[in-house]
Protein chains: 2
Amino acid sequence: MTLRDHARAAVRDEVARHAWRLFAQQGFEATTIDQIAEASGMSRRTFFRYFTGKDELVLSRLIESGDRIGDALRARPTDEPAWPALRAAFQHLVELQEEHADVARPLQLMLRDEPALRATQQERRALWTELLAPLVAQRLSARRRRRGPDTRAVAVTGSALACFDAAQVAWAENPGVPLAALLDEAMESVSA
Amino acid sequence: MTLRDHARAAVRDEVARHAWRLFAQQGFEATTIDQIAEASGMSRRTFFRYFTGKDELVLSRLIESGDRIGDALRARPTDEPAWPALRAAFQHLVELQEEHADVARPLQLMLRDEPALRATQQERRALWTELLAPLVAQRLSARRRRRGPDTRAVAVTGSALACFDAAQVAWAENPGVPLAALLDEAMESVSA
DNA sequence: CCCCGATTGGCACTTGGTGACACAGTGGGC
DNA sequence: GCCCACTGTGTCACCAAGTGCCAATCGGGG
């Protein structure tokens with residue numbers, strides 16, 4: 001069944017390419033699904049068989065980035081504390097963004113400005129946290145003073161993502177300032 | 001025009017009351033605007049003149065909570081460092097939640113589970129950050145090593161909110177565990 | 001009492017999203 | 001070669017969220 005999946009992935013890629021072109025031209029909200037479907041040479045109904053909605057076109061990209069962060073975090077030495085390990089895990093993505101700033105910056109601004117993408121942002125947070133928190137948990141002290149549910153991994157992961165977001169927004173708004181420096185300052189200010 | 005505003009506020013309260021009753025009975029997504037409008041004795045069209053959408057019924061409550069946090073933060077001694085000041089500022093809300101757990105817990109679970117409320121959650125984050133970050137900024141060291149945009153206040157505020165969210169989710173999922181203790185552990189694990 | 005402005009309701013329309021059904025290609029077993 | 005099941009696709013109908021437009025209505029001041 002790999003053949004079917006391959007074809008499906010190819011169609012998804014093709015649709016995504018047309019969609020992103022339209023988003024860049026007209027913005028996210030102004031682009032209707034009918035336009036995307038027409039540009040992709042398929043019916044509206046068929047579009048919904050490849051994507052759950054317009055959001056997924058954006059979300060699927062963000063999920064990829066999350067997977068990369070996860071991979072990078074797994075590659076760090078197991079005895080490295082959580083905070084510096086997270087900082088290092090972000091580095092791949094940071095460099096990628098700096099390299100393709102012409103694409104990444106408008107994307108960040110779109111994520112910030114389009115109300116229709118707020119739900120997508122929240123889902124990204126949730127997915128990344130779900131993905132990274134277990135990896136972070138391994139780097140926290142096994143000894144706990146308290147009993148009951150352990151909030152530490154989710155809190156640390158969420159905080160790191162908050163720093164990452166803060167740095168990305170500042171970077172998108174201030175061309176010329178390196179993202180790495182913004183992220184360094186953000187993360188140091190929270191946990192020195 | 002205070003009279004008009006007063007009447008308007010009264011209507012909004014009334015509509016919100018009916019809406020929350022329906023949300024509790026059927027869930028957020030399953031409740032249609034037509035139902036809310038009918039229960040409130042007004043037309044669909046008029047509902048939209050009082051609220052921008054179903055979301056605002058939820059968001060307006062969350063905004064109130066944000067204002068309270070802001071008030072509490074302003075009331076802290078000005079020389080108190082940001083992190084403990086934020087922890088203390090959350091305390092009012094924490095106690096309120098514990099006190100009305102029968103309402104607060106289902107609400108938290110609704111916020112977590114209803115996909116239609118993800119955008120609302122993200123907006124809440126944005127609004128609270130916008131509100132609190134300037135207050136946090138006053139508690140950060142005025143001396144900075146780096147030049148360029150200052151990401152610290154947003155990063156610290158966002159991290160604190162991430163801890164608060166992590167604690168709230170754990171609290172909603174684990175009845176019997178005090179929210180204050182969960183929040184303490186979350187915030188200590190990020191910045192000890 | 002009448003007029004003016006604000007509030008309201010009804011209507012039509014766009015968009016997102018879903019379910020039901022029919023149709024075409026494809027590959028396999030007989 | 002023929003029938004079969006499976007899959008992908010398109011068409012149609014439908015619902016819910018919003019929004020613009022216009023007519024009706026209600027309430028207070030002259």
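FYI, side chains are in, hydrogens and waters are out, and symmetry mates aren't considered; it's all heavy atoms of this structure. Quick caveat: nothing in here was measured; it's all calculated off a predicted structure. In what follows, chains are A, B, ... by sequence order, proteins preceding strands, each numbered from 1.
- Between dG9(C) and Thr46(B), a contact under 4.0 Å exists linking OP1 or OP2 to a side-chain N or O.
- A donor and an acceptor atom, one from each side chain of Thr52(A) and Glu56(A), are located under 3.5 Å apart.
- In this structure, Glu29(B) places its CD atom 17 Å from P of dC15(D), rounding to the nearest Å.
- Ion pair Glu185(A)/Arg145(B) not flagged as a salt bridge, since none of the NZ, NE, NH1 or NH2 atoms sits closer than 4.0 Å to an Asp/Glu carboxylate oxygen.
- Counting any heavy atom pair closer than 4.0 Å across all strands shown, Phe47(B) reaches no nucleic acid atom.
- Contact annotation for Phe51(B): no contact, since no heavy-atom pair falls under 4.0 Å across all strands.
- For Lys54(B) and dC15(D), the NZ to C1' distance is 12 Å, given to the nearest whole Å.
- When rounded to the nearest whole Å, the span between CG of Asp34(A) and C1' of dC13(C) equals 14 Å.
- A salt bridge is defined here as a Lys NZ or Arg NE, NH1 or NH2 lying under 4.0 Å from an Asp or Glu carboxylate O, and Arg125(B) with Asp165(B) meets this definition.
- Side chain of Thr32(A), nearest nucleotide from dT11(D), dT18(C), dT15(C): dT15(C).
- Ile36(B) places its CD1 atom 13 Å from the P atom of dA16(D), with the value rounded to the nearest Å.
- Looking at Asp71(A) and Arg74(A), a side-chain N of the basic residue comes within less than 4.0 Å of a carboxylate O on the acidic one, giving a salt bridge.
- Remark: C1' of dT15(C) and CZ of Phe48(B) are 13 Å apart, rounded to the nearest angstrom.
- For the residue pair Arg118(B) and Gln122(B), no side-chain donor N or O sits within less than 3.5 Å of a side-chain acceptor on the partner.
- One finds a side-chain N or O of Tyr50(B) lying less than 4.0 angstrom from the OP1 or OP2 phosphate oxygen of dT8(C).
- With hydrogens and angles left out, the side chain of Arg8(A) and the base of dG8(D) share no donor-acceptor pair within 3.5 Å.
- The distance from atom CZ of Arg44(A) to atom P of dG17(C) is 9 Å, rounded to the nearest whole Å.
- We find that CD1 of Ile33(A) is positioned 16 Å from P of dT14(C), with the value rounded to whole Å.
- You won't find any donor-acceptor pair under 3.5 Å spanning the side chain of Arg45(B) and the base of dG18(D), going by distance alone.
- Side-chain to base pairing of Arg49(A) with dG10(D): one donor and one acceptor N or O lie within less than 3.5 Å of each other.
- Going from atom CE of Met42(B) over to atom P of dT25(D) covers 19 Å, rounded to whole Å.
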